[in-house]
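All ligand and atom numbering here is 1-based and tracks the order in the structure.
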Amino acid sequence: YCQFKAMLSGDMLEISQQRFLFSFLTILIVLGFEVDSINSVQFSNHTGYEHWKGQVLTADELHVLYEGITLNKVNQYDYILTGYTRDVSFLEMVVSMVQELKGTNPSLVYGRWHYSLYLSEAAMTESFTVDQYVPEDLLPVYREKVVPVADIITPNQFEAELLTGKKISTEKDAVEAIDLLHAMGPHTVVITSSDLLSPLGDQHLVALGSQTTVGAGGTKEKQQIRMDIPKVDAVFVGTGDLFAAMLLAWTHHHPNDLKTACEKTVSVMQHVIKRTITYAKGRIVVPPYLNIFPSGPFETEIKLTVLVPPVVSVGPVI
Ligand code: ADP
């Protein structure tokens, strides 16, 4: 029984990575979502390999699919989640679909994961080829059209810096960048990873989250948290995508409690990553996408600190 309907558009439809997509969808389904997925590309393998072949969905082809959904009146979505896009017309089509669907369902939530605006962090590691760099002309589209219609965004530090034009060197800078992103539209912003040094040492990864909510009587409240996440000594592909999907699902289950939503999101991340590593080393035979939810309490080793106790200010309802 699926209560909520989400539309997902993603880039990770490499055939050799479909197990990853499958795990991604399965987790959302387990969390109660009915998911329609649109493959924005279908590639033979990840583009980090020497060779890759496949097809890219054009903006017009995306519109044809959307038209079919609309004609049959099966376009009542509660959530839309989209990922990496390197084409301006495709991105603009997504924005117009989101705007139209928000007209049908004003409470629809649009979450956006990976930006890869120009050079993703991974691209800087030389494992990526030049043609994977996203053209710079996408940046204004993200800033002026995509972020303003997004409700939840999950940029990494590099993407947050590009979107805001603000260099992040300290936690204070990060909080200011997050506030700039809020001012652009989204009520929930999580910087999923950063170069900031954790108070727990260099074996921890710092992520920062912030959520504005509207309390009784139209008062605006804000919760900001820092997450000190134990680092696993490996580089993963697709973690940003999984994080965004989990955050979307857990903010649905805990709509006004970012701390709990992040705690559960990061807990799932830790379980998936640790199982993936164990699986990769051939120590277990259980696919990593099974049994990722701990039967007991959620991961306790993740430290979440509330940076800003709920700040109450009277303002217009966003
Ligand atoms: P991307 O750059 O793909 O957007 P991030 O690097 O920001 O993704 O990672 C997203 C999340 O994945 C992090 O918040 C963290 O929970 C998890 N993660 C990624 N890499 C690691 C790692 N090496 N160790 C622990 N957690 C990780």
S.K.: What atoms of ligand 1 come within less than 4.0 Å of a heavy atom belonging to Phe243?
M.R.: 11 (C), 14 (O)
S.K.: Under the salt bridge (Lys or Arg N to Asp or Glu O under 4.0 Å) rule, what pairs show up with a residue in residues 91-102, not counting sequence neighbours?
M.R.: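 Sorted result for residues 91-102: Glu92-Lys145, Lys102-Asp151.
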S.K.: Going by the order shown, which atoms of ligand 1 are within less than 4.0 Å of some heavy atom of Lys231?
M.R.: 24 (N), 25 (C)
S.K.: Which ligand 1 atoms does Ala234 reach within 4.0 Å, using its non-hydrogen atoms?
M.R.: 23 (N)
S.K.: Under 4.0 Å from a heavy atom of Pro230: which atoms of ligand 1 are those, numbered in the order shown and with their elements?
M.R.: 25 (C)
S.K.: Backbone, side chain, both or neither: what part of Ala207 comes under 4.0 angstrom of ligand 1, heavy atoms only?
M.R.: neither
S.K.: Nearest non-hydrogen atom to atom 22 (C) of ligand 1 belongs to which of Val206, Ile229, Val232, Val190?
M.R.: Val232
S.K.: Checking Asp228 against Ser198 for the side-chain hydrogen bond (donor to acceptor under 3.5 Å, both in side chains) test, could you report, in this order, the C-alpha distance in whole Å, the side-chain angles of both residues, the deciding distance, and whether it holds?
M.R.: CA-CA 6 Å; Asp228 295 285; Ser198 164; 2.7 Å; yes
S.K.: Checking the side chain of Arg143 only, and the main-chain atoms of Leu163 only, is there a donor and an acceptor separated by less than 3.5 Å?
M.R.: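 Flag set: sc Arg143 to bb Leu163 pair under 3.5 Å.
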S.K.: Looking at side-chain heavy atoms only, is the closest gap between Val147 and Pro186 below 4.5 Å?
M.R.: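 The answer is yes, as the side chains (C-beta and beyond) meet within the 4.5 Å cut-off.
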S.K.: Taking distance alone, with N or O pairs closer than 3.5 Å, would you say Asn156 contacts ligand 1?
M.R.: yes
S.K.: Looking at Ser44 and Lys53, would you say the former's side chain and the latter's main chain have a donor-acceptor pair under 3.5 Å?
M.R.: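 Side chain of Ser44 to backbone of Lys53, a donor-acceptor pair under 3.5 Å: yes, one is there.
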S.K.: Using a 3.5 Å cut-off on N or O atoms only, is Gly240 in polar contact with ligand 1?
M.R.: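 Right, the criterion is met.
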S.K.: Give a yes or no answer on whether the side chain of Gln270 reaches the backbone of Pro230 with a donor-acceptor pair at less than 3.5 Å.
M.R.: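 Yes; at least one donor-acceptor contact below 3.5 Å.
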S.K.: Should Ile80 and Thr82 count as side-chain neighbours, where that means a heavy-atom distance under 4.5 Å?
M.R.: yes
S.K.: Contact between ligand 1 and Ile273 is defined here as a heavy atom of the residue under 4.0 Å from a ligand atom; is it met?
M.R.: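 Under 4.0 Å: yes for Ile273.
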